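What follows is one structure encoded as structure tokens, with my remarks underneath.
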Amino acid sequence: MMAPILKPRAALRRLRTLSQHHGGIWAALRKAIRAFRTNGIAGLRAGLRPPPLPSLPPGRNRPDDADDLAIEVPFNYSPHIKSQRLCAIIHVFYPDLCAEIIKYLENVPGGIDVFVSTTSDTKRREIEDHFTGFTKGALEVRVFENRGRDIAPKLVGFRDVYDRYDIALSLHTKKSPHGGSPLEGWRHYLYEHLLGSPLIVASNLALLQSGTVGMVFPQHLFYLRPIFAWGANYQRCRDLLARTGTGIHEGIYLECPTGSMFWCRTDALRKLLELDLQFSDFDDEAGQIDGTLAHAMERAFLYAVEAQGYTWAKVSRRDLYPLPHTLLPINRPNDIAPSLQLVHRPLLQPTASFH
């Protein structure tokens with residue numbers, strides 16, 4: 001007997017559910033094709049089953065999905081970008097991903113110097129081999145101990161770099177093996193929002209050159225939205241920010257660049273860089289998925305950015321996010337300022353800083 005065919009309304013509801021769980025309709029279709037090629041019909045059915053969400057932690061302090069706006073990239077015009085000094089700070093734990101990163105860096109208009117951290121001399125040589133022929137700018141590879149994930153190299157290992165540049169790009173070779181299939185496309189999702197085309201890069205840079213925007217980062221991967229919370233990180237984040245003279249409370253609105261990849265003005269990181277952290281301040285690497293100083297720092301970024309006098313902006317791609325009505329298109333330069341006002345939700349109040 002043939003399997004019953006879904007009625008049109010039921011099929012549409014099923015399609016909508018799948019697109020939300022898999023990061024958009026095209027992402028769901030790509031996953032379906034891979035699953036079918038690997039394991040046939042059985043793989044297709046299993047691969048497109050919506051993944052179970054982990055239990056929701058209390059106190060998310062987050063807006064409803066439908067109210068969390070982002071600026072759509074790319075813009076619908078080619079913005080004029082002022083000439084500025086650009087650098088990329090990249091932690092490469094997995095050198096096999098260098099070719100992918102180099103391909104994305106080619107989308108940066110003009111030049112960009114690249115500073116790479118890794119964890120062994122063997123990896124350093126492999127990275128340098130991959131970057132042979134890279135012509136966008138200078139390359140420097142530094143070897144650090146495997147501590148603090150991408151955060152310690154970014155803020156400790158390359159602390160001396162930021163004063164030489166106006167704009168910094170933060171990347172790392174994210175694989176998220178703990179997350180299974182729901183997170184297998186997270187790295188691609190982040191790279192595409194930050195570097196997906198020359199026009200996307202130009203759009204992100206245009207935002208950083210608008211008003212007081214200090215950091216631009218991708219809208220959260222849709223799968224992560226229900227589970228994005230303080231978790232075990234609030235107290236360490238609070239203590240960290242207190243050292244910068246910035247106060248937060250547990251009920252404060254929570255926002256951060258999940259995955260710790262972003263474009264930023266280098267001066268926007270000043271409060272965190274001036275903490276003078278050392279690698280020894282970070283936890284020993286033990287495969288942790290939460291609760292480390294690196295996880296606390298990820299949540300501290302935007303509070304420190306605001307405390308330095310800057311705002312921030314989230315960006316999203318219509319083809320990679322399942323709630324298109326939350327995206328604000330930019331059709332002309334005059335659209336940027338009002339859209340930024342809608343996207344930016346101030347995290348700090350005047351009374352939130354220590355004096």
Side-chain angles (χ1 to χ4, degrees), residues 87-93 113-120 123-124 140-174 214-215 217 230-249 252 254-310 312 347-348 352-355:
C87 70
I89 309 293
I90 307 174
H91 183 59
V92 176
F93 188 78
D113 291 338
V114 177
F115 296 86
V116 177
S117 57
T118 192
T119 57
S120 73
K123 289 182 180 181
R124 175 184 57 80
E140 181 177 342
V141 184
R142 299 181 184 179
V143 177
F144 303 116
E145 59 182 304
N146 185 21
R147 184 187 288 260
R149 306 286 172 87
D150 62 296
I151 301 293
K154 191 194 329 280
L155 297 178
V156 179
F158 288 119
R159 181 166 42 218
D160 61 301
V161 166
Y162 292 91
D163 283 344
R164 308 180 215 166
Y165 298 91
D166 304 302
I167 302 292
L169 168 69
S170 173
L171 293 180
H172 58 101
T173 53
K174 192 172 190 65
M215 184 172 286
F217 59 98
W230 280 114
N233 306 292
Y234 168 71
Q235 190 61 52
R236 295 190 80 168
C237 184
R238 181 182 184 278
D239 294 346
L240 190 71
L241 288 168
R243 292 172 56 186
T244 73
T246 306
I248 63 171
H249 55 84
I252 200 169
L254 173 61
E255 187 61 275
C256 79
T258 45
S260 66
M261 299 195 213
F262 49 79
W263 286 97
C264 72
R265 299 194 201 193
T266 54
D267 184 62
L269 296 180
R270 185 170 302 279
K271 285 190 176 294
L272 297 179
L273 294 170
E274 290 180 348
L275 285 172
D276 198 29
L277 293 171
Q278 305 301 314
F279 277 91
S280 58
D281 293 317
F282 289 82
D283 305 76
D284 291 334
E285 180 56 47
Q288 305 97 317
I289 62 173
D290 203 16
T292 69
L293 180 59
H295 290 99
M297 183 68 77
E298 179 182 24
R299 287 158 176 79
F301 276 121
L302 296 185
Y303 302 103
V305 166
E306 287 197 4
Q308 187 65 15
Y310 293 99
W312 45 265
L347 306 178
L348 299 178
S353 294
F354 293 105
H355 297 285

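No hydrogens, no waters, no symmetry mates; every other heavy atom, side chains included, goes into these values. Computed from a prediction, not measured in an experiment: that's the story for all the values here. If you read the sequence from its start, that first residue is 1, and numbering goes on from there.
- For the atom pair Leu240 CG and Tyr303 OH, the distance stands at 12.5 Å (nearest 0.5 Å).
- Every salt bridge (charged side-chain N to carboxylate O under 4.0 Å, His left out) that Asp160 has, sequence neighbours left out, goes to Arg142, Arg164.
- Of all heavy-atom pairs between His172 and Ser260, the closest is NE2-OG, 3.6 Å.
- Annotation: side chain of Leu348 is in contact with side chain of Ile252 (closest heavy-atom distance under 4.5 Å).
- The side chain to side chain donor-acceptor pair (under 3.5 Å) search around Arg265 returns none, not counting sequence neighbours.
- The closest side-chain heavy-atom distance from Thr119 to Val143 is not below 4.5 Å.
- Not counting sequence neighbours, Arg299 has no partner by the salt bridge (charged side-chain N to carboxylate O under 4.0 Å, His left out) test.
- Here CD of Glu255 is found 4.5 Å from CZ of Phe217. Values are rounded to the nearest 0.5 Å.
- Under the side chain to side chain contact (heavy atoms under 4.5 Å, CB included) criterion, Asp276 pairs with Arg159, Gln278, not counting sequence neighbours.
- Listed by chain and residue number, Phe115 satisfy the ring pair (Phe, Tyr, Trp, His ring centres under 6.0 Å) test with Tyr165 (two or more places apart in sequence, or in another chain).
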*Would you please test Arg243 and Leu272 for side-chain contact (heavy atoms from CB on, under 4.5 Å) and show each step?*
CA-CA 9 Å; Arg243 292 172 56 186; Leu272 297 179; over 6 Å; no
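- Annotation: ring pair (Phe, Tyr, Trp, His ring centres under 6.0 Å) contacts of Phe93 (sequence neighbours excluded): none.
- Two residues are said to be in side-chain contact when any heavy atoms from C-beta on lie closer than 4.5 Å; Leu302 and Met215 meet this criterion.
- Distance check, rounded to the nearest 0.5 Å: CH2 of Trp263 to CD1 of Ile167 gives 8.0 Å.
- For Asp281, there are no salt bridge (charged side-chain N to carboxylate O under 4.0 Å, His left out) partners, not counting sequence neighbours.
- Residues that satisfy the salt bridge (charged side-chain N to carboxylate O under 4.0 Å, His left out) test with Asp239, not counting sequence neighbours, are absent from this structure.
- Listed by chain and residue number, Cys87, Tyr162, Cys264, Thr266 satisfy the side chain to side chain contact (heavy atoms under 4.5 Å, CB included) test with Ala168 (two or more places apart in sequence, or in another chain).
- Partners of Tyr310 by side chain to side chain donor-acceptor pair (under 3.5 Å), not counting sequence neighbours, listed by chain and number: Asp267.
- Rounding to the nearest 0.5 Å places OH of Tyr234 at 11.5 Å from CG of Leu254.
- Across all their heavy atoms, Ala294 and Gly148 have their closest contact at CB-O, 4.0 Å.
- Of all heavy-atom pairs spanning Val114 and Val116, the tightest one is CG1-CG2, 3.6 Å.
- Scanning for side chain to side chain donor-acceptor pair (under 3.5 Å) contacts around Lys271 gives an empty result, with sequence neighbours left out.
- In this structure, CZ on Arg124 lies 13.5 Å from OG on Ser117, to the nearest 0.5 angstrom.
- Distance CG/Asn233 to CZ/Arg236: 8.5 Å, rounded to 0.5 Å.
- Partners of Ser170 according to the side chain to side chain contact (heavy atoms under 4.5 Å, CB included) rule, which considers only residues two or more places apart in sequence or in another chain, are Lys154, Phe262.
- Considering only heavy atoms from C-beta on, Thr246 stays 4.5 Å or farther from Gln308 through its side chain.
- A heavy-atom distance below 4.5 Å is not found between the side chains of Val156 and Phe144.
- Residues Arg147 and Asp283 share a closest heavy-atom pair of CG-O, 3.3 Å.
- Heavy atoms only, all atoms of each residue included: Ile248 and Cys237 are closest at CD1-SG, 4.2 Å.
- For Val161 against Ile89, the heavy-atom pair with the smallest separation is CG1-CD1, 4.1 Å.
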